[in-house]
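In what follows, a structure is listed as structure tokens, so that the remarks can point back to it.
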Amino acid sequence: MRVITSKSKNAESFYISHSFVNSKGTNTSKIVRKLGTLEELLKDHGPTREDVLKWAKEEARIETIKYKSEQTAKAVQITFHADRQLDHSQQKLFQGGYLFIQAIYYALQLNKTCRKIRDKYRFKYDINAILSDLVYNRVLFPTSKASAFKAAHKFLEPPQYGLHDVYRALSILANEMYLIQEECYKNSRFVCRRNDKVLYYDCSNFYFEIEQEDGDRKYGKSKEHRPNPIVQMGLFMDRDGIPLAFSIFPGNQNEQGSLKPLETKVLQDFECRKFIYCSDAGLASQANRRFNHMGERSFIVTQPIKKLKAEYKASALDPSGFRRLSDRKNADLSKLSDNDKEALFYKEIPYGTGDIDQLLIVTYSPKYAAYQKTIREAQIERAKAMISNGKFKKNRKNPNDPARFVNKFAVTDDGEAAEVKYYLDEEKIIEEARYDGLYAVCTDLLEDDISEILKVSEGRWQIEECFRIMKTDFSARPVYVQRSDRIKAHFLICFIALLCYRLLEKKLGSKYTCSEILNSLREMNFADIENQGFIPLYKREKITDALHETCGFRTDFQFITKQKMKEIQKLSKKGDITKE
């Protein structure tokens, strides 16, 4: 430490400076402490400048002694022996990325929820430890329950329960599935502001690698086109993409009937009664619309134009009567200019079906129309190749299959039997082109702003992303457990894992992708150094800094003592990640 001075036009200032070699190997310095101006210091340490300088040098000497004592206290010396073998069965590598998921888990107060369940059933095993480890593994290293139990031994806090306790706990978790969801929702409002004025609902299915139906595992229409029995999940999500509630129902059940039971639980148990229901056309039956037209609820659902009644379809396809969304000026789709390529146009059509007055909003995007045209032209070329090569399979049901443009005839002009011949169906192509760029939603919000209604509908992509994360990143399928109660527990764990991840993603400011967050957490390993402490084995980056700042603890020191690591573990369980 040394004393430096800085002179300006009106004053001379004294500082204590510390010189050191930075990470790049170059000499640099930083100001440790500002002592004051000469005029200020003369009052207490004068009467001359030399007296002030003498006092300043003494202060620098004291700072040097203090710095050296602190460095000695924090420095760790560990002796290694080149001729000493490792101890048998001694674990050296530990996983610590789970600490950040743990911070969210405890912020949701799931430990308190587990305590309620334990007091109700009076079992002896630690259900909170089991549930939390299963959730952490589902996020970081998704695998079977037995493998998850084995993987949990690599955590900094290894499990103190047995594998048989895991399977016992699954049955209890299944019984309390809705209680846990209710508690998660209520406590999540202390973590962040829930944007639950809009609730999105969708269904997906998950397959089992079995050949025979059993229980809820039924043959149904698989979204992945697999010939395996499936179960289906209905999922509610708020406008920010954070899960709210879910249910499991048989694979052969119509998904439209899954809405009312789950929404009734949300209304009664979650105390969430005023919201806009939003879904795709598959979950927008008249019964579901009518149910969400009651109380303080409304709906915004997609509406296939092709399935409209003739009068409404004709009005939707009519190029006149549209308006530009940006300025509400009238527009004719048949007379658009090149300047309109990026614009969005809409048309409002009163839509009365049954006992509900609805508004049909038809939108047209020239950009989307051009995209659809490009895709269809490529499919037409493939259809022509099928005809010329004779490689055409019957009964192809994919709606985007090029084979839909192929038709056949099997009679001569005289009406006699003839060889079957395939040809390109030009009428089908012209008919499909009529719908290019068009999209429609239906709502009972007759007086609301059109822009806001369309914006709500556009948010449905987030629930698709939730299912993608669950299936791909969390490997929720195939499902390996067999009993009905354990199947429900499996999806409860997947739901909590998704909720914890989504909350962490939001607390990080939605700045990072799913792969960036998960890869960073999975790479946060620590090496045990001779039972003295841990050395982090991951690269410190902006995302790791953000994770530490969000969760309120740091693991990115050169060396972490055993005592310090215990303090970090306690901090991750404080549950004090509060909303902004």
Side-chain angles (χ1 to χ4, degrees), residues 93-105 107-108 132-144 147-148 151-152 154-156 188 191-192 195 200 202 204-207 223-224 233 235 237-244 246 458-480 490-491 493-526 536-556 572 577:
L93 186 66
F94 292 85
Q95 213 290 324
Y98 78 93
L99 292 169
F100 301 90
I101 306 298
Q102 183 164 270
I104 302 295
Y105 177 94
L108 291 171
S132 59
D133 283 349
L134 290 173
V135 169
Y136 307 155
N137 270 292
R138 183 55 52 182
V139 176
L140 298 173
F141 309 104
T143 184
S144 67
S147 297
K154 296 181 180 180
F155 291 161
L156 291 163
S188 68
V191 180
C192 69
N195 194 350
Y200 297 92
D202 201 359
S204 191
N205 47 54
F206 300 79
Y207 69 90
K223 295 183 184 292
E224 298 168 350
M233 171 188 278
L235 178 67
M237 175 197 81
D238 70 16
R239 194 169 183 179
D240 289 335
I242 300 176
L244 189 103
F246 81 98
E458 289 171 2
R460 289 188 304 103
W461 66 269
Q462 292 188 90
I463 199 164
E464 295 292 342
E465 186 180 47
C466 281
F467 281 125
R468 182 198 62 77
I469 291 172
M470 203 180 298
K471 290 184 176 183
T472 305
D473 297 294
F474 295 170
S475 300
R477 86 288 184 256
V479 186
Y480 295 109
H490 167 78
F491 287 107
I493 291 162
C494 293
F495 171 82
I496 298 173
L498 179 65
L499 175 61
C500 289
Y501 165 76
R502 280 299 210 183
L503 288 172
L504 179 60
E505 182 183 56
K506 184 176 182 181
K507 300 297 286 186
L508 289 170
S510 301
K511 296 178 181 178
Y512 304 98
T513 65
C514 181
S515 59
E516 287 174 333
I517 295 172
L518 294 181
N519 287 339
S520 296
L521 294 176
R522 289 165 180 169
E523 291 172 0
M524 283 188 168
N525 293 316
F526 297 83
L537 300 180
Y538 61 88
K539 185 190 298 184
R540 182 185 173 189
E541 297 177 307
K542 288 183 179 180
I543 186 172
T544 61
D545 285 346
L547 284 166
H548 287 112
E549 290 166 9
T550 297
C551 296
F553 57 84
R554 302 203 73 91
T555 64
D556 50 1
S572 71
I577 298 181

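Computed from a predicted model, the values in this text were never measured in an experiment.
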Any donor-acceptor pair under 3.5 Å from [X] side chain to [Y] backbone:
| X | Y | result |
| --- | --- | --- |
| Asp240 | Ile242 | no |
| Arg239 | Tyr200 | no |
| Gln95 | Leu521 | yes |
| Lys507 | Cys192 | no |

side-chain hydrogen bond (donor to acceptor under 3.5 Å, both in side chains) against Asp556, all qualifying residues, sequence neighbours excluded: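 Asp556 satisfies side-chain hydrogen bond (donor to acceptor under 3.5 Å, both in side chains) with Arg554 once adjacent residues are dropped.
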Give me the atom names and distance for the closest heavy-atom approach of [X] to [Y].
| X | Y | value |
| --- | --- | --- |
| Cys500 | Val135 | SG-CG1, 4.4 Å |
| Met524 | Thr544 | CE-CG2, 3.7 Å |
| Arg522 | Pro142 | NH2-CD, 4.1 Å |
| Leu499 | Pro243 | CD1-O, 3.8 Å |
| Ala476 | His490 | O-NE2, 3.0 Å |
| Glu516 | Thr513 | OE1-N, 2.9 Å |

Find the distance between [atom1] ([X]) and [atom2] ([Y]) and round it off to the nearest 0.5 Å.
| X | Y | atom1 | atom2 | answer |
| --- | --- | --- | --- | --- |
| Leu134 | Ile493 | CG | CD1 | 4.5 Å |
| Asp545 | His548 | CG | NE2 | 8.0 Å |
| Leu108 | Leu503 | CG | CG | 5.5 Å |
| Leu508 | Cys551 | CG | SG | 7.5 Å |
| Phe526 | Leu537 | CZ | CG | 8.0 Å |

Check whether any side-chain heavy atom of [X] lies under 4.5 Å from a side-chain heavy atom of [Y], and answer yes or no.
| X | Y | value |
| --- | --- | --- |
| Tyr98 | Leu156 | yes |
| Arg460 | Asp202 | no |
| Tyr501 | Cys514 | yes |

Ala151: what forms a side-chain contact (heavy atoms from CB on, under 4.5 Å) with it, not counting sequence neighbours?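 With neighbours one apart ignored, the set is Asn137.
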Only pairs at least two apart or in different chains count here, so list each salt bridge (Lys or Arg N to Asp or Glu O under 4.0 Å) that has a residue in residues 466-477.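 Qualifying pairs, neighbours excluded: Glu224-Lys471, Glu224-Arg477, Arg468-Asp473.
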Mind checking whether Tyr105 and Tyr136 have parallel, tilted or perpendicular rings, split at 30° and 60°?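 The rings of Tyr105 and Tyr136 stand perpendicular, inter-plane angle above 60°.
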With no hydrogens and no angle check, do the side chains of Thr555 and Tyr538 hold a donor and an acceptor under 3.5 Å apart?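 The answer is yes; a qualifying pair exists.
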Might you work through the salt bridge (Lys or Arg N to Asp or Glu O under 4.0 Å) test for Arg502 and Glu465, ending with a clear yes or no? CA-CA 11 Å; Arg502 280 299 210 183; Glu465 186 180 47; 2.9 Å; yes
Check the pair Leu93, Lys154 against side-chain contact (heavy atoms from CB on, under 4.5 Å), reporting the backbone distance first and the verdict last. CA-CA 7 Å; Leu93 186 66; Lys154 296 181 180 180; over 6 Å; no
Which of these passes ring-ring contact (aromatic ring centres under 6.0 Å, His included) with Phe491: Phe206, Phe246, Phe467, Phe474?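 For Phe491, the ring-ring contact (aromatic ring centres under 6.0 Å, His included) check succeeds only for Phe206.
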Look at atom NZ of Lys223 and say whether more than 12 heavy atoms of other residues, nucleotides or ligands are closer to it than 6.0 Å.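 Above 12, so yes.
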Answer yes if the ring centres of Phe553 and Phe100 are under 6.0 angstrom apart, and no otherwise.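 Yes, they do, as the ring centres are separated by less than 6.0 Å.
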